[in-house]
Amino acid sequence: MKLPMQIFIALGLAIKRNIHIFLGIILGIIFGVIMNSYLPQAALENNSIGMIIFNILDLIGQIFLRLIQMVVIPLVFSAIIIGISSIGDNKQLGKFGGKMVFYYAIITIVAVVLGAGLATGLKPGEGVQNYISEQSQIEIQKSFNHIQPSDSGDLSIVNIIDDNPLKSLAQGDTEAVITSIIPDNPVKALAQGNMIAIILFVSIFAVALAKVGEINRPVVAFFESLFAATMKVIDWIMYLAAPGIFALVATSVSQFGLSMFGALSKYFIAIFLGFAIQLFILYPLMLKIFSKVPILTFYSAIAEAMMVAFGTASSSATLPLTIACCEKRGISHKICSFVLPLGATLNMDASALFQVVSVIFLTQAYDLHLSIFQILLIMLLAIIASSTSAGIPSAGLITIVLILQGLGLEASQLVQGFAFLFAIERIIDMFRTMNNVTSDAVVAALIADNENEINYDLLSNPDSTEIV
Ligand code: ASP
């Protein structure tokens with residue numbers, strides 16, 4: 001049977017088991033489109049029925065999102081400690097790390113090459129300059145309001161760009177790069193949710209635990225209990241997945257300028273064709289070439305994580321689910337706890353593809369001719385920008401600013417282009433996060449297969465609830 005066919009069947013099987021979440025997504029899309037078409041004006045007016053419905057949905061979505069985000073830090077902490085301390089010897093750790101870098105590198109390089117090929121081949125930006133300036137005027141106010149949920153203060157453009165090591169690199173400020181990666185105070189890194197710094201600290205601590213021998217038992221046992229309890233909490237939270245994802249998808253779709261699909265068809269074709277090639281050709285091909293993991297079964301095993309990634313647009317928030325899906329279906333804890341948290345933080349191949357296509361799209365729109373050298377530079381910067389982006393909504397879009405800066409666009413074009421991309425951002429983010437999470441899981445499966453760390457009986461058992 002042909003690969004794409006197998007994958008469709010796999011998704012079909014997954015739908016059977018995860019029908020409630022899948023229905024949440026479908027109904028969310030339908031409801032979002034209805035709100036978008038019939039309530040756009042009303043939704044903007046205070047106390048209108050549209051506004052009330054939107055706020056209720058937003059509340060439901062945020063409750064679900066925050067509940068799963070709540071368990072990310074304890075989960076990452078305990079998973080890495082148990083994982084690395086159980087790997088123990090340096091040689092095995094080095095082998096896992098080497099393979100992880102190898103697979104992530106292939107996936108990311110293919111992503112940027114694919115992005116550059118699609119954008120230069122389809123030329124999605126040609127002739128859309130006027131459209132961009134019109135739409136960006138309309139969207140500018142709205143977009144910038146969305147990006148700054150001021151009271152929580154955790155998603156402002158300024159914070160995300162300031163926290164990104166690429167900004168410091170671009171400014172030649174190596175000290176700032178180091179301080180954003182090596183925490184001087186791990187508790188502060190935890191409180192700020194700085195994943196790269198947390199992972200570095202926990203990994204060093206876990207290697208040390210492995211080295212001190214038997215005396216590490218109480219600490220490891222503590223984290224084993226913490227991990228088990230966290231997994232239980234995730235099981236409970238997943239009862240809310242269907243309404244939560246429904247609400248998240250409905251609110252996202254309701255804010256999307258659906259008319260833009262027509263006007264920018266080539267841009268959407270380039271982006272979604274790229275995502276489809278990743279999902280239906282690249283990842284299955286890698287599983288086929290480098291392992292004996294059955295593609296069909298594997299996609300159905302991680303379907304729940306893929307759908308949650310789609311709904312939340314956050315790899316970090318989905319991490320608990322990604323770990324749960326992979327472990328329940330036979331990938332060893334050693335591999336999951338080592339590879340998946342790093343993947344959710346560093347591996348953003350779909351974001352890299354999106355960044356390359358979008359940057360080239362904007363340069364085409366503003367008639368900026370790019371040399372081969374500049375295209376290569378965009379690809380390189382997208383690799384850095386994507387892998388240093390946090391696994392949170394819109395991080396991949398916001399770090400685009402860092403790539404756009406050196407290309408010779410005028411300041412007004414930069415603002416227009418960015419505001420414009422923001423208007424169509426959420427839907428694209430949902431798809432790219434789904435791919436980012438899928439590729440994290442694919443790499444975990446590849447390493448697990450290569451290192452005999454996968455239980456194939458559990459993988460083929462859709463009812464498995466065992467954590468290995
Ligand atoms: N939302 C994406 C993720 O969490 C990152 C991005 O914005 O590209 O994987």
Side-chain angles (χ1 to χ4, degrees), residues 61 65-66 68-69 72-73 76 104 107-108 111-112 114-115 143 146-149 154-157 159-161 163-166 193-196 199 245 248-249 251-252 256 271-272 274-275 278-279 283 302 305-323 339-359 361 381-404 418 421-444:
L65 191 60
R66 284 184 164 264
I68 47 172
Q69 281 171 333
V72 171
I73 302 274
V76 168
Y104 283 150
I107 284 180
T108 310
V112 291
L114 192 61
S143 304
H146 291 162
I147 201 176
Q148 294 181 346
D154 53 0
L155 190 60
S156 78
I157 300 179
N159 278 350
I160 291 177
I161 293 182
D163 286 349
N164 194 291
L166 184 58
N194 179 350
M195 289 300 268
I196 298 184
I199 288 174
I245 301 260
L248 286 168
V249 173
T251 47
S252 304
F256 181 72
I271 294 268
F272 288 120
F275 290 168
Q278 289 181 312
L279 193 62
Y283 307 151
I302 59 164
M306 288 166 78
M307 290 191 283
V308 170
F310 182 84
T312 59
S314 168
S315 304
S316 290
T318 311
L319 180 61
L321 254 293
T322 323
I323 294 181
V339 176
L340 293 173
L342 283 169
T345 314
L346 300 174
N347 171 47
M348 304 275 171
D349 57 321
S351 305
L353 185 148
F354 156 80
Q355 289 177 333
V356 172
V357 173
S358 302
V359 168
F361 162 79
L381 287 177
I383 293 176
I384 304 174
S386 63
S387 52
T388 52
S389 304
I392 56 174
S394 295
L397 170 72
I398 291 162
T399 44
I400 263 190
V401 175
L402 300 168
I403 307 175
L404 281 171
F418 182 76
L421 288 178
F422 209 85
I424 48 177
E425 154 65 2
R426 182 65 186 209
I427 301 285
I428 298 177
D429 197 6
M430 290 158 90
F431 282 97
R432 67 175 188 257
T433 308
M434 185 174 79
N435 278 18
N436 286 341
V437 166
T438 308
S439 65
D440 296 342
V442 164
V443 169

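Each ligand, and each atom within it, is numbered from 1 in the order the structure gives. Given the structure is predicted, the values throughout are model-derived calculations rather than measurements.
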Give me the nearest non-hydrogen protein atom to [atom] as residue plus atom name, then the distance to 0.1 Å.
{"atom": "atom 1 (N) of ligand 1", "value": "Asp429 OD1, 2.8 Å"}
{"atom": "atom 2 (C) of ligand 1", "value": "Thr433 OG1, 3.3 Å"}
{"atom": "atom 7 (O) of ligand 1", "value": "Gly396 N, 2.7 Å"}
{"atom": "atom 3 (C) of ligand 1", "value": "Ser315 OG, 3.2 Å"}

Item to complete: May I have the step-by-step check of side-chain contact (heavy atoms from CB on, under 4.5 Å) for Asp429 and Phe354, ending in yes or no?
Response: CA-CA 9 Å; Asp429 197 6; Phe354 156 80; over 6 Å; no
Using a strict 4.0 Å cut-off to heavy atoms of [X], name the atoms of ligand 1 that fall inside it.
{"X": "Ile392", "result": "1 (N), 2 (C), 4 (O), 5 (C), 7 (O)"}
{"X": "Ser351", "result": "5 (C), 6 (C), 8 (O)"}
{"X": "Ala313", "result": "1 (N), 4 (O)"}
{"X": "Ser394", "result": "7 (O)"}
{"X": "Ala395", "result": "7 (O)"}
{"X": "Arg432", "result": "6 (C), 7 (O), 8 (O)"}
{"X": "Ser314", "result": "4 (O)"}

Discussion item. Please check whether Met348 reaches ligand 1 - meaning an N/O of the residue sits under 3.5 Å from an N/O of the ligand, judged on distance alone.
Written reply: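 By distance alone, the answer is no.
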Discussion item. Counting only nitrogen or oxygen atoms and a 3.5 angstrom limit, does Leu397 reach ligand 1?
Written reply: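 By distance alone, the answer is no.
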Discussion item. When you compare the side chain of Met434 with that of Leu279, does any pair of heavy atoms fall below 4.5 Å?
Written reply: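 Result yes, sub-4.5 Å side-chain heavy-atom pair found.
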Fill in: Validation row: Ile245, Phe310 side chains within 4.5 angstrom (heavy atoms)
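Result no, sub-4.5 Å side-chain heavy-atom pair not found.
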Fill in: Under-4.0 Å heavy-atom contact with ligand 1, by part of Val437 that carries it
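Near ligand 1, Val437 shows nothing, with every heavy atom at 4.0 Å or more.
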Worksheet item: Between Met430 and Val249, does a side-chain contact (heavy atoms from CB on, under 4.5 Å) hold up when you go through it step by step?
Response: CA-CA 9 Å; Met430 290 158 90; Val249 173; 3.7 Å; yes
Fill in: Nearest atoms (heavy-atom pairs only) where Ser358 meets Ile271
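Ser358 and Ile271 have their closest heavy atoms at OG-CD1, 4.2 Å.
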Worksheet item: What are the two closest heavy atoms between Ala317 and Gln69, and how far apart are they?
Response: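 Closest approach of Ala317 to Gln69, heavy atoms only: CB-CG, 3.8 Å.
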Worksheet entry | Given Thr322, Thr345, Asn347, the one that forms side-chain hydrogen bond (donor to acceptor under 3.5 Å, both in side chains) with Asp440 |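 Considering Thr322, Thr345, Asn347, a side-chain hydrogen bond (donor to acceptor under 3.5 Å, both in side chains) with Asp440 is found only for Asn347.
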Worksheet item: Listed by chain and number, what are the ring-ring contact (aromatic ring centres under 6.0 Å, His included) partners of Tyr104, not counting sequence neighbours?
Response: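 In terms of ring-ring contact (aromatic ring centres under 6.0 Å, His included), with neighbours along the sequence ignored, Tyr104 is linked to no residue.
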Worksheet item: Which residue pairs pass the side-chain hydrogen bond (donor to acceptor under 3.5 Å, both in side chains) test when at least one of the two sits in residues 306-315, sequence neighbours left out?
Response: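 Applying side-chain hydrogen bond (donor to acceptor under 3.5 Å, both in side chains) to every pair that reaches into residues 306-315, excluding sequence neighbours, yields Thr312-Thr318.
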